[in-house]
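Some notes on the structure that comes next.
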Amino acid sequence: MKRIGKIILFFAVIILLAIVIRICIGEPCKVSSASMEPAIRTNEWLWIDKFSYGGRLPERWADIPLINVFTHIASWREADAGRNWGYHRLPGFKKPKVGDIVVFNNPENTDVLLVKRIAEIKQLGNTLYYYMLGDNAEISRDSRFFGWVPERMIVGKIH
């Protein structure tokens, strides 16, 4: 019985470690468009560095990696839809700057992540806004279409 307890504890620690890494440190992502070519190619795998700018903490259960699989259950998804713990970001050791290539939530559909370059930064009150542009302007859906992006939507930096 002690052996089963140790195995369960081992897997619980592994799952917790995976969650912390995905929220605070980073995660891989695959580029699905050519909007950043030639700098970043379609289908290229990148590492989203969340540590530099500070990881965004989850605003609801559906934002927690691995735990979010339970929100595929209709009753859990409905209960979670109205939940909002608010926006909080861990302290980072860098601030986003002009020229950085970043990953952020698409303002038109927040379930979709976009990869763009920061072209301009402006502050409105206490909030920083970023003007995001793709390197391949002819096909890029970027700030020319959806406008300025608030800092809270930035997921991380691409190296």
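No more than 12 heavy atoms of other residues, nucleotides or ligands sit less than 6.0 Å from atom CZ of Phe10. More than 12 non-hydrogen atoms from other residues, nucleotides or ligands lie less than 6.0 angstrom from CH2 of Trp148.
A salt bridge does not link Lys30 to Glu44: none of the charged nitrogens lies less than 4.0 Å from a carboxylate oxygen. The existence of a salt bridge linking Arg83 and Glu78 is excluded, since no basic side-chain nitrogen approaches an acidic carboxylate oxygen closer than 4.0 Å.
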Under the side-chain contact (heavy atoms from CB on, under 4.5 Å) rule, what do Gln123 and Leu128 come out as? Steps first, then yes or no, please. CA-CA 4 Å; Gln123 187 160 355; Leu128 288 171; 3.8 Å; yes
Checking Ile154 against Arg89 for the side-chain contact (heavy atoms from CB on, under 4.5 Å) test, could you report, in this order, the C-alpha distance in whole Å, the side-chain angles of both residues, the deciding distance, and whether it holds? CA-CA 10 Å; Ile154 295 177; Arg89 186 179 287 268; 4.2 Å; yes
Could you please spell out the steps behind the side-chain contact (heavy atoms from CB on, under 4.5 Å) verdict for Glu59 and Arg152? CA-CA 11 Å; Glu59 293 185 30; Arg152 71 179 295 147; 3.2 Å; yes
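Of all heavy-atom pairs spanning Glu151 and Pro96, the tightest one is OE2-CD, 4.2 Å. Taking all atoms of both residues into account, the shortest heavy-atom contact from Ser52 to His159 is OG-NE2, 4.2 Å. Residues Gly156 and Ile48 share a closest heavy-atom pair of CA-CG2, 3.9 Å. Closest non-hydrogen pair, Val98 versus Ala119, comes out as CG1-O, 3.6 Å. Among all heavy-atom pairs drawn from Asp142 and Gly134, the shortest one is OD2-N, 3.0 Å.
The closest side-chain heavy-atom distance from Ile158 to Asp49 is not below 4.5 Å. The shortest distance between side-chain heavy atoms of Arg117 and Met132 does not fall below 4.5 Å. Between Pro65 and Ile23, some side-chain heavy-atom pair lies under the 4.5 Å cut-off. Using a 4.5 Å cut-off on side-chain heavy atoms (C-beta onward), Pro58 and Trp85 make contact.
A single hydrophobic cluster is seen to contain both Leu66 and Trp61, as judged by linkage of ILVMFWY side chains at heavy-atom distances under 4.5 Å, directly or through other members. Under the 4.5 Å side-chain contact rule for hydrophobic residues, Ile15 and Leu57 share a cluster. When the side chains of ILVMFWY residues are joined at heavy-atom separations under 4.5 Å, either directly or via intervening members, Phe146 and Met153 end up in a single hydrophobic cluster. Connection of Ile121 to Leu114 is established within a shared hydrophobic cluster, with ILVMFWY side chains joined at heavy-atom distances below 4.5 Å, either directly or through further cluster members. Tracing side-chain contacts under 4.5 Å through hydrophobic residues (I, L, V, M, F, W, Y), one reaches Ile19 starting from Leu90; they form part of the same cluster.
Considering CD1 of Ile118 and NZ of Lys157, their distance stands at 9.0 Å, rounded to 0.5 Å. Between the CZ atom of Phe145 and the OG atom of Ser140 there is a distance of 8.0 Å, given to the nearest 0.5 Å. Taking CG of Asp80 as the reference point, atom CD1 of Ile73 lies at 11.5 Å (rounded to 0.5 Å).
Here side-chain hydrogen bond (donor to acceptor under 3.5 Å, both in side chains) pairs that include residues 124-134, with residues two or more places apart or in two chains, number zero.
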For residues 100-109, run the donor-acceptor check on the side chains, cut-off 3.5 Å, and write out each pair with its distance to 0.1 Å, sequence neighbours left out.
unit_1	atom_1	unit_2	atom_2	d
Asp100	OD1	Lys97	NZ	3.1
Asp100	OD2	Tyr53	OH	2.5
Asp100	OD2	Lys97	N	3.1
Asn105	OD1	Arg56	NH1	2.8
Asn105	OD1	Arg56	NH2	2.9
Asn105	ND2	Thr110	O	2.7
Asn106	OD1	Glu108	N	2.8
Glu108	OE1	Arg141	NE	3.1
Glu108	OE2	Arg141	NH2	2.8
Asn109	OD1	Asp111	N	3.2

Would you tabulate the side-chain donor-acceptor contacts of residues 31-40 under 3.5 Å, counting partners in other chains and residues two or more places apart, or write 'none'?
unit_1	atom_1	unit_2	atom_2	d
Ser33	OG	Ser35	N	3.4
Ser33	OG	Ser35	OG	3.3
Ser35	OG	Lys116	NZ	2.7
Glu37	OE2	Thr42	N	3.2
Glu37	OE2	Thr42	OG1	3.2

